[in-house]
Amino acid sequence: MNAAKRREIFRRFHEDNPTPTTELVYSTPFELLISVILSAQATDVGVNKATAKLFPVANTPEAIYALGVAGLSEYIKSIGLFNSKAKNVIETCRLLIEKHHSQVPDNREALEALPGVGRKTANVVLNTAFRHATMAVDTHIFRVSNRTQIAPGKNVLEVERKLVKLVPKEYLLDAHHWLILHGRYVCKARKPLCSSCRIEDLCEYKHKTSND
């Protein structure tokens with residue numbers, strides 16, 4: 001895909017949704033961090049239902065740590081893999097208290113040292129909470145980048161690096177959210193909604209579909 005097409009794609013995304021954000025519900029960087037840890041192999045809707053009960057009771061490292069694994073599990077048991085996630089969250093809270101003055105660090109190395117936080121989670125927190133120009137490549141972004149040919153790659157790291165390099169700089173901060181939303185609601189895994197897609201004329205996917 002050439003640079004002019006790519007720029008027009010993101011211009012349209014911006015025109016349609018100038019201030020995109022995550023669908024996770026949060027009010028602080030810490031709440032976002034916990035929500036993203038919980039969202040692994042789970043839906044944002046499911047996570048939001050659990051945190052709607054959890055955060056009014058405990059939304060600081062100290063408060064969640066005080067719940068313990070068993071106490072936290074009661075709030076998040078509707079989410080997949082809740083046992084291992086509870087252990088990771090409790091340990092993350094301990095490390096935030098002991099090493100970071102109960103604040104979420106705004107650098108990749110410190111974030112990735114926390115249990116349950118990999119590169120994708122760190123990128124989400126850095127981008128959404130701290131407005132770093134990072135690209136968190138999930139299954140939606142990986143699919144959209146390859147299918148449209150915006151930034152094709154064999155693995156998530158290759159796609160991430162290509163997107164950071166190729167997305168026009170003025171759109172890079174918000175590109176992560178636009179691509180996720182596009183993959184979630186339009187460029188779906190089983191059958192993309194090509195005939196109602198805003199960028200259908202620019203996309204280089206060879207097997208476009210009708211919505212019938």
Side-chain angles (χ1 to χ4, degrees), residues 19-132 134-143 156 160 174 176-185 188-190:
T19 56
T21 189
T22 178
E23 293 186 320
L24 292 169
V25 177
Y26 73 99
S27 59
T28 65
F30 175 72
E31 288 186 358
L32 176 65
L33 173 63
I34 299 307
S35 294
V36 179
I37 292 173
L38 296 178
S39 72
Q41 299 179 49
T43 66
D44 288 358
V45 172
V47 172
N48 289 338
K49 286 180 180 178
T51 57
K53 297 176 181 178
L54 171 65
F55 288 157
V57 175
N59 70 338
T60 65
E62 290 84 358
I64 289 183
Y65 185 69
L67 291 174
V69 173
L72 176 59
S73 294
E74 285 299 308
Y75 287 97
I76 66 169
K77 60 187 178 182
S78 60
I79 300 173
L81 308 174
F82 72 91
N83 279 319
S84 60
K85 289 177 181 179
K87 292 174 184 176
N88 284 336
V89 167
I90 292 300
E91 182 63 10
T92 284
C93 289
R94 184 185 69 80
L95 292 173
L96 290 176
I97 294 165
E98 293 182 2
K99 294 189 175 184
H100 301 287
H101 307 288
S102 299
Q103 299 299 308
V104 176
D106 65 350
N107 70 85
R108 180 187 306 284
E109 184 179 10
L111 283 168
E112 290 189 18
L114 299 171
V117 178
R119 186 177 182 89
K120 184 182 77 173
T121 297
N123 279 335
V124 172
V125 173
L126 289 170
N127 177 265
T128 305
F130 300 114
R131 301 302 284 160
H132 292 197
T134 57
M135 185 65 62
V137 178
D138 68 350
T139 56
H140 295 300
I141 293 182
F142 185 77
R143 179 176 68 255
V156 293
E160 176 191 327
D174 293 319
H176 156 247
H177 297 301
W178 287 320
L179 291 170
I180 284 179
L181 293 170
H182 190 67
R184 186 173 288 164
Y185 297 112
K188 298 179 179 182
R190 290 187 178 180

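Only a predicted model underlies this, so the values are computations on that prediction, with no experimental measurement involved.
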So Val125 and His132, side chain to side chain contact (heavy atoms under 4.5 Å, CB included) or not? Walk me through it. CA-CA 9 Å; Val125 173; His132 292 197; over 6 Å; no
Is there side-chain contact between Thr21 and Asp174, with heavy atoms separated by less than 4.5 Å?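 They are not in contact (no side-chain heavy atoms under 4.5 Å apart), so the answer is no.
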Side-chain donor or acceptor of Asn48 paired with backbone N/O of Glu23 under 3.5 Å: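 Such a contact is found between Asn48 side chain and Glu23 backbone.
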Rounded to the nearest 0.5 Å, what's the gap from OG on Ser78 to CG on Leu38? Could you check?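 It comes to 9.5 Å.
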Only counting residues at least two apart or in another chain, list the ones meeting side chain to side chain donor-acceptor pair (under 3.5 Å) with Asp138.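 Asp138 satisfies side chain to side chain donor-acceptor pair (under 3.5 Å) with no other residue.
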Pairs under 3.5 angstrom only: tabulate donor-acceptor contacts from the side chains of residues 60-68 to other protein residues two or more places apart or in another chain.
| unit_1 | atom_1 | unit_2 | atom_2 | d |
| --- | --- | --- | --- | --- |
| Thr60 | OG1 | Ala63 | N | 3.1 |
| Glu62 | OE2 | Ser102 | OG | 2.4 |

I'd like to check Val45 versus Lys49 (side-chain heavy atoms, cut-off strictly below 4.5 Å). Are they in contact?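 The answer is yes; the side chains approach within 4.5 Å.
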Inter-residue atom distance Leu33.CG - Thr121.OG1, 0.5 Å rounding: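 Taking CG in Leu33 and OG1 in Thr121, the distance rounds to 8.0 Å.
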Rounded distance [0.5 Å steps], CG in Leu126 versus CG in Asn107: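 Between Leu126 CG and Asn107 CG, I get 7.5 Å after rounding to 0.5 Å.
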Under 3.5 Å: donor-acceptor pair, side chain of Ser84, backbone of Leu81: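 Checking the backbone N and O of Leu81 against the side chain of Ser84, a donor-acceptor pair under 3.5 Å is found.
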If you look at every heavy atom in Leu96 and Pro105, which pair is closest and at what distance?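 Closest approach of Leu96 to Pro105, heavy atoms only: CD2-CD, 3.7 Å.
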For Met135 and Asn127, run side chain to side chain contact (heavy atoms under 4.5 Å, CB included): C-alpha distance rounded to whole Å, both residues' side-chain angles, the deciding distance at 0.1 Å, then the answer. CA-CA 7 Å; Met135 185 65 62; Asn127 177 265; over 6 Å; no
Minimum heavy-atom distance between Phe55 and Val25, given as atom pair plus value: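 In terms of heavy atoms, the two residues are closest at CE1-O, 4.2 Å.
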Under the side chain to side chain donor-acceptor pair (under 3.5 Å) test, residues paired with Thr19 that sit two or more places apart: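 Not a single residue meets the side chain to side chain donor-acceptor pair (under 3.5 Å) criterion with Thr19.
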Among pairs that include at least one residue of residues 35-45, which meet side chain to side chain donor-acceptor pair (under 3.5 Å), considering only residues two or more places apart or in two chains?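 Pairs touching residues 35-45 that pass the test: Asp44-Arg184.
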Show your working on side chain to side chain contact (heavy atoms under 4.5 Å, CB included) between Thr51 and Glu31 and close with a plain yes or no. CA-CA 9 Å; Thr51 57; Glu31 288 186 358; over 6 Å; no
Please name the pair of heavy atoms, one in Phe130 and one in Val104, separated by the smallest distance, quoted to 0.1 Å.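 Heavy atoms only, the tightest pair is CZ-O, 3.5 Å.
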So His140 and Leu179, side chain to side chain contact (heavy atoms under 4.5 Å, CB included) or not? Walk me through it. CA-CA 7 Å; His140 295 300; Leu179 291 170; over 6 Å; no
Tyr75 to Ala50 - nearest heavy-atom pair and separation: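 In terms of heavy atoms, the two residues are closest at O-CB, 3.6 Å.
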Which heavy atom in Ile79 sits nearest to a heavy atom in Ala42, and how many Å separate them?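 Residues Ile79 and Ala42, closest heavy atoms: CG2-CB, 3.8 Å.
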Could you state the interatomic distance from CZ (Arg94) to CD1 (Ile90), rounded to the nearest 0.5 Å?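 That separation rounds to 11.0 Å.
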Roughly how far, to the nearest 0.5 Å, is CG of Leu114 from CG of Asn88?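 Reported to 0.5 Å precision, the distance equals 10.0 Å.
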Hey, what do you get for CG (Asn123) to CG (Leu111), rounding to the nearest 0.5 Å?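 Output value for this atom pair is 9.5 Å.
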Kindly state each residue pair satisfying salt bridge (Lys or Arg N to Asp or Glu O under 4.0 Å) with at least one member in residues 108-129, sequence neighbours excluded.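 The answer is Arg108-Glu112, Arg119-Glu160.
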Which heavy atom of Pro115 sits nearest to which heavy atom of Thr92, and what is that distance?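 Smallest interatomic distance, heavy atoms only, reads O-OG1, 2.9 Å.
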Sequence neighbours excluded, every pair satisfying salt bridge (Lys or Arg N to Asp or Glu O under 4.0 Å) that has a member inside residues 72-90: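 Sorted pair list: Glu74-Lys77.
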